[in-house]
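From a predicted model like this one, the values you see are computed outputs, not experimental measurements. Atom set for the values below is all heavy atoms of this structure, side chains included, hydrogens, waters and symmetry mates excluded.
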Amino acid sequence: MKAVFFDIKPFEKEYLEKHCDFELEKIFFPHSINSDTKLDEKTLGCEILSVFITSSLSKKVLEKFKNLKFIILRSVGFSHVDLSYAKEKNINVFNAPHYGDSSIAEYVFALLLNVSRKIITASDDIKNQTIDDNKYQGIELYNKTIGVIGTGAIGKNVIRIAKAFNMNVICFDKFKSEGYNYVSFDDLLKNSDIISINCPLNAETLHLLNENAFNKMKKGVIIINTARGEVIDTYCLYKALCEKIVSFAAMDVMECEDVLYENKENKIDINLIKEKCFKNHYVAYKLLNMKNVLITPHIAYNTKEAATNILKITVENLKSSIKFTSGAKNLILL
Ligand code: NAI
């Protein structure tokens, strides 16, 4: 079998070369794949495609690979893959669950503590010699109510850490786990001082936080999003920040974030904007310049431990593809 890997960093190539102790032809590319990527015949003939979230496996991309049998995602999320096309063509899709549950949960608190204690503002001020003691008063997390949307692998770790801060935890999930304090979606919006989004992006969670939702929130709520940008309607968030319903938003993910990151000069460049992303990109540009918004470029997963786990799981998933059975671990049920 032949596997083609995109978004590969040198240490990942080294690891995969060393640990794939089974017969497999491997082709590595450091760049992502999307509909504009030029592909040669050898690459197009592969049976396995492996990508990170920076690639986009749309129908337009996938239909070029006539022999494709397996997609091996080096991520938990799979909103960058056209799963209905994969199903139609009997392409099996593996993801990499649990590779960084603690990494991402800890990052939720890295964002939250930065916001609650104004650490970045204070650090910037000391570097610029513009210290102003009136600016740094924060809030305690102790006894605050955190609403966790999505109590899966990451959400449960967010809850574990929140309890160590003595926070009151309320949760919302479509599927409930034993031992968690679930409330209705509206009650979570109404009662949370902080909302952490930890659900996947799907048809039901697309713009889950829309105008209606923001209008039900406690005034001054802090929003933390490490899941997917599209769970929030970015324009409505912008409005809620302007109206002071939301006091602060810290986000590791943004709607149409690939377009945002390509924009090196941090200004609107019409050539970089996909038609469907125009409004989001415009709003994101406004958000980037707001003092009560913190945006990071999708790095919550990025720890040494998580990177190694991703590679371990990828090797397992490659093995499972070669000796494929329908009940294979990490197979996304289409
Ligand atoms: P998971 O599958 O273990 O948990 C997701 C939870 O969301 C489940 O309990 C599920 O029932 C719930 N859910 C699904 N649909 C829902 C709905 N309509 N309403 C409410 N809850 C719903 O996934 P995990 O591992 O906890 O990851 C969550 C998300 O975090 C991923 O889908 C991914 O988008 C994001 N992520 C972000 C990373 C980053 O670096 N920023 C890295 C890894 C994941």
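Atom CG in Leu318 sits 12.0 Å away from atom CD1 in Ile313 (nearest 0.5 Å). Between atom OH of residue Tyr99 and atom OG1 of residue Thr308 there is a gap of 12.5 Å, rounded to the nearest 0.5 Å. Atom CD1 in Ile159 sits 9.0 Å away from atom CG in Asn181 (nearest 0.5 Å). Rounded to the nearest 0.5 angstrom, Leu112 CG and Ile223 CD1 are separated by 11.5 Å.
For the residue pair Asn210 / His207, no side-chain donor-acceptor distance below 3.5 Å is found, with atom types taken as modelled. Defined by atom type and a distance below 3.5 Å, a donor-acceptor pair is missing between the side-chain atoms of Asp252 and Thr226. Under 3.5 Å, the side chains of Ser58 and Asp82 contain no donor-acceptor pair of N or O atoms. Asn330 and Asn317 share a side-chain donor-acceptor pair at under 3.5 Å. Side-chain atoms of Thr205 and Asn202 include a donor-acceptor pair closer than 3.5 Å. Remark: the Asn143 side chain and the Asn166 side chain contain an N/O donor-acceptor pair separated by less than 3.5 Å.
Remark: side-chain polar atoms of Lys216 are not paired, donor with acceptor, to backbone N or O of Asn212 under 3.5 angstrom. Asn92 places no side-chain N or O within 3.5 Å of a backbone atom of Phe70 that could act as its donor or acceptor partner.
Residues meeting the salt bridge (charged side-chain N to carboxylate O under 4.0 Å, His left out) test with Glu211, sequence neighbours left out: Lys239.
Residue Phe214 places its CZ atom among more than 12 non-hydrogen atoms of other residues, nucleotides or ligands, all under 6.0 Å distant. Within 6.0 Å of CG in Asp21 there are more than 12 heavy atoms belonging to other residues, nucleotides or ligands. Under a cut-off of 6.0 angstrom, the local environment of NZ in Lys176 is crowded, with over 12 non-hydrogen atoms contributed by other residues, nucleotides or ligands. For Lys60, the NZ atom is loosely surrounded, since the number of other residues' heavy atoms within 6.0 Å does not exceed 12.
Ring centroids of Tyr301 and Phe52 are separated by less than 6.0 Å, placing the two rings close together.
With Ser103 as reference, Thr303 is the one residue of Thr303, Asn302, Asn157, Asn309 to meet the side-chain hydrogen bond (donor to acceptor under 3.5 Å, both in side chains) rule.
Contact check for Leu237 versus Leu209: no side-chain heavy atoms found under the 4.5 Å cut-off. Using a 4.5 Å heavy-atom cutoff, the side chains of Ser177 and Lys156 are in contact. With contacts defined as side-chain heavy-atom distances shorter than 4.5 Å, the pair Phe6/Thr43 qualifies.
The other residues sharing a hydrophobic cluster with Ile131 are Ile126, Tyr136, where clustering joins ILVMFWY side chains under 4.5 Å apart.
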